[in-house]
**Student:** 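Take this structure, written in structure tokens, and hold onto it; I'll ask about it next.
A, B, ... follow the sequence lines: proteins, then strands. Residue 1 opens every chain. Note that the structure is a prediction, hence the values are computed from the model and not measured.
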Number of protein chains: 2
Amino acid sequence: MTDDRSTELIGTYSIPQRCQHNPTVTCSDCRLGELCLPIALDSIEINQLDTIVQRGKPLQIGDELFHEGATFNAIYAVRSGSFKSYKLFAGGGSQVTGFYLPGEIVGMDGISSLTHTVSTVALETSSVCEIPFKRFTELSLKIPSLQNRFFRMMGKEITSDQQVRTLLSVKTAEQRVAALLLSLSTRHQRRKLSATRLRLPMTRADIGSYLGITIETVSRVLSKLSKQGLIKLDQREVEICKFNALQELVMEKP
Amino acid sequence: MTDDRSTELIGTYSIPQRCQHNPTVTCSDCRLGELCLPIALDSIEINQLDTIVQRGKPLQIGDELFHEGATFNAIYAVRSGSFKSYKLFAGGGSQVTGFYLPGEIVGMDGISSLTHTVSTVALETSSVCEIPFKRFTELSLKIPSLQNRFFRMMGKEITSDQQVRTLLSVKTAEQRVAALLLSLSTRHQRRKLSATRLRLPMTRADIGSYLGITIETVSRVLSKLSKQGLIKLDQREVEICKFNALQELVMEKP
DNA sequence: CGAGTCATTGATGAACTTCAAAGGGAGTGG
DNA sequence: CCACTCCCTTTGAAGTTCATCAATGACTCG
């Protein structure tokens, strides 16, 4: 069955994944088809999309997909692994602006000014489909459902950014961490992976930077949630024990 | 010259504005053309756009443009006045998610799920151009530069959302307030209005909610900036005395 | 094995919130 | 025209949450 070396994410439920970084898989073959760009496209249209998509070899941890200030040429659909985007500050230091999982689009930050406003690096061995933007917009003119799909994906980015903003402005440290765990869980689930067990691909520092709290606070909150039995924690492996309790926690007034 | 009753925003520089709420002005006549959607469109294309744009009578202060949960049908280009968007919380209370000035597009929050995720109300007497989204997307297929323009406007929304997120997660109350003032100033300037004098259309409560701080803190910070001579303050009238100093303040590490 | 990175935990302090009270402006009605 | 109310705003004092500083523990990789 699982004849290839599937990276065992967590003990009890290894996920058989055929060639997750394999550059020869087309959009029509891709397991992610139903949550990536091609959704709502018929097979002919998917093939058209395929002709402009470029698939390179996998990136290793820390490898840069693009960096802040670089000319914007393409958007990228994450195929496997995960990425973080971050912005550097003048006086040193940086701020993580997003995490990207398979099926999600990274690089939209460059659309408006034609220059990337953030840098993006792989958090683990990862691969992407590169989609040259100019060609993509041309194709979108011919395929209404593709244009529509992309409008909606950008809209999604906007609304989820706004959710994060709410998180940052009114929620406590505990609520922020809980919300991130739930978000990762939901996104796992969309890929038919376990909703309750996940491996955090990012460091505590990344989490803290993203959530606007310090690494120490992240650590303390995770410990607390663990002691309260809402989650189980083993390094970067997280098991969500009480999903509902976490959700209520996030909903609560600060 | 200025024969109509131009609303005098602030003493020393009254702005002559011809019929700012006048629903008969077309896109090609509109003073905002160069910063609104029509940018980069030729006159034929602008006329095509005009055919789908609907202009209603002005909204009064507190009037709702659309509310959270409503079906998404259209986006709106602000023509005059100003709006705020906000989200209600389950347990009561709300969070302001954005302010919108003339030339800006409001309503993109509904694109992804076809349901508005925020409510939007007028902060003063205001008017909008309603752009039915379905027809707009159809037109975008025919006018590449319109599609392109809208991609970029959505991209802009994404990058500016991310800037606000940075503001909320790493900046102090003082920096946040300063950043908002600068943002309003910049947006004023784009409309050829004074960059140094402006009238805040929103309450302190709105500002606080938007910036993730309390109304008391907003008040204290404004007083402090005023005492330091960076701004002059008279109710909602603000004069920015030291633009550069404010900018440096925003840039500083917290 | 040792160096380096990442993570946990404790003690202190600062920024902001919360609670409380009082000071304007704008609008309404007598 | 004045008194009245309502809302918005300002200012002060006490209380929390989280950041900062500091030290130790755990894991990884050459």
**Student:** Which angle, rounded to 10°, do you find between the first-five-pair axis and the last-five-pair axis of the helix from C:dC1-D:dG30 to C:dG30-D:dC1?
**Tutor:** 40°
**Student:** By the 4.0 Å heavy-atom rule, please label B:G212 as base, sugar-phosphate, or nothing.
**Tutor:** sugar-phosphate
**Student:** Going by ring pair (Phe, Tyr, Trp, His ring centres under 6.0 Å), name the residues that satisfy it together with A:F66, two or more places apart in sequence or in a different chain.
**Tutor:** A:Y76, A:H116
**Student:** So which protein nitrogen or oxygen atoms get under 3.5 Å of nucleotides 4-9 of chain C's nitrogens or oxygens?
**Tutor:**
unit_1, atom_1, unit_2, atom_2, d
C:dA7, OP1, A:R236, NE, 3.4
C:dA7, OP2, A:R204, N, 2.9
C:dT8, OP1, A:R204, NH2, 3.1
C:dT8, OP2, A:R204, NE, 2.8
C:dT8, OP2, A:S219, OG, 2.9
C:dT8, O5', A:S219, OG, 3.0
C:dT9, OP2, A:S223, OG, 2.6

**Student:** Let me have the donor-acceptor pairs involving side chains of residues 203-214 of chain B, under 3.5 Å, with sequence neighbours excluded, atom names and distances please.
**Tutor:**
unit_1, atom_1, unit_2, atom_2, d
B:T203, OG1, B:A205, N, 3.3
B:T203, OG1, B:D206, N, 3.0
B:T203, OG1, B:D206, OD2, 3.4
B:R204, NH2, B:Q235, O, 3.1
B:D206, OD1, B:K84, NZ, 2.8
B:D206, OD2, B:T203, N, 3.3
B:S209, OG, B:V96, N, 2.7
B:T214, OG1, B:T217, N, 3.3
B:T214, OG1, B:T217, OG1, 3.0

**Student:** Considering residues at least two apart in sequence or located in another chain, which fulfil the side-chain hydrogen bond (donor to acceptor under 3.5 Å, both in side chains) criterion with B:S85?
**Tutor:** B:T120
**Student:** Expressed as a whole number of angstroms, how long is the span from A:I213:CD1 to C:dA15:C1'?
**Tutor:** 17 Å
**Student:** Give me each pair satisfying salt bridge (charged side-chain N to carboxylate O under 4.0 Å, His left out) with a member in residues 223-233 of chain B, each pair once, sequence neighbours excluded.
**Tutor:** B:E174-B:K224
**Student:** Which residues satisfy the side-chain hydrogen bond (donor to acceptor under 3.5 Å, both in side chains) test with A:Q175, sequence neighbours excluded?
**Tutor:** A:T172
**Student:** State, yes or no, whether a side-chain contact exists between B:Q162 and A:Q95 at a heavy-atom distance under 4.5 Å.
**Tutor:** no
**Student:** Of all residues at least two apart in sequence or in a different chain, which pass the side-chain hydrogen bond (donor to acceptor under 3.5 Å, both in side chains) check with B:R176?
**Tutor:** none
**Student:** By the ring-ring contact (aromatic ring centres under 6.0 Å, His included) test, which pairs, at least two apart or in different chains, include something from residues 215-254 of chain A?
**Tutor:** none
**Student:** Please identify the 5'-most and 3'-most nucleotides of DNA chain D with any atom under 4.0 angstrom from a heavy atom of chain B.
**Tutor:** D:dC8 to D:dA13
**Student:** Hey, can you pull the donor-acceptor pairs under 3.5 Å for the side chains in residues 244-251 of chain A, sequence neighbours left out?
**Tutor:**
none

**Student:** Calculate the interatomic distance between B:R199 atom CZ and C:dG25 atom P; express it in whole Å.
**Tutor:** 14 Å
**Student:** For B:S160, what residues pass the side-chain hydrogen bond (donor to acceptor under 3.5 Å, both in side chains) criterion, not counting sequence neighbours?
**Tutor:** none
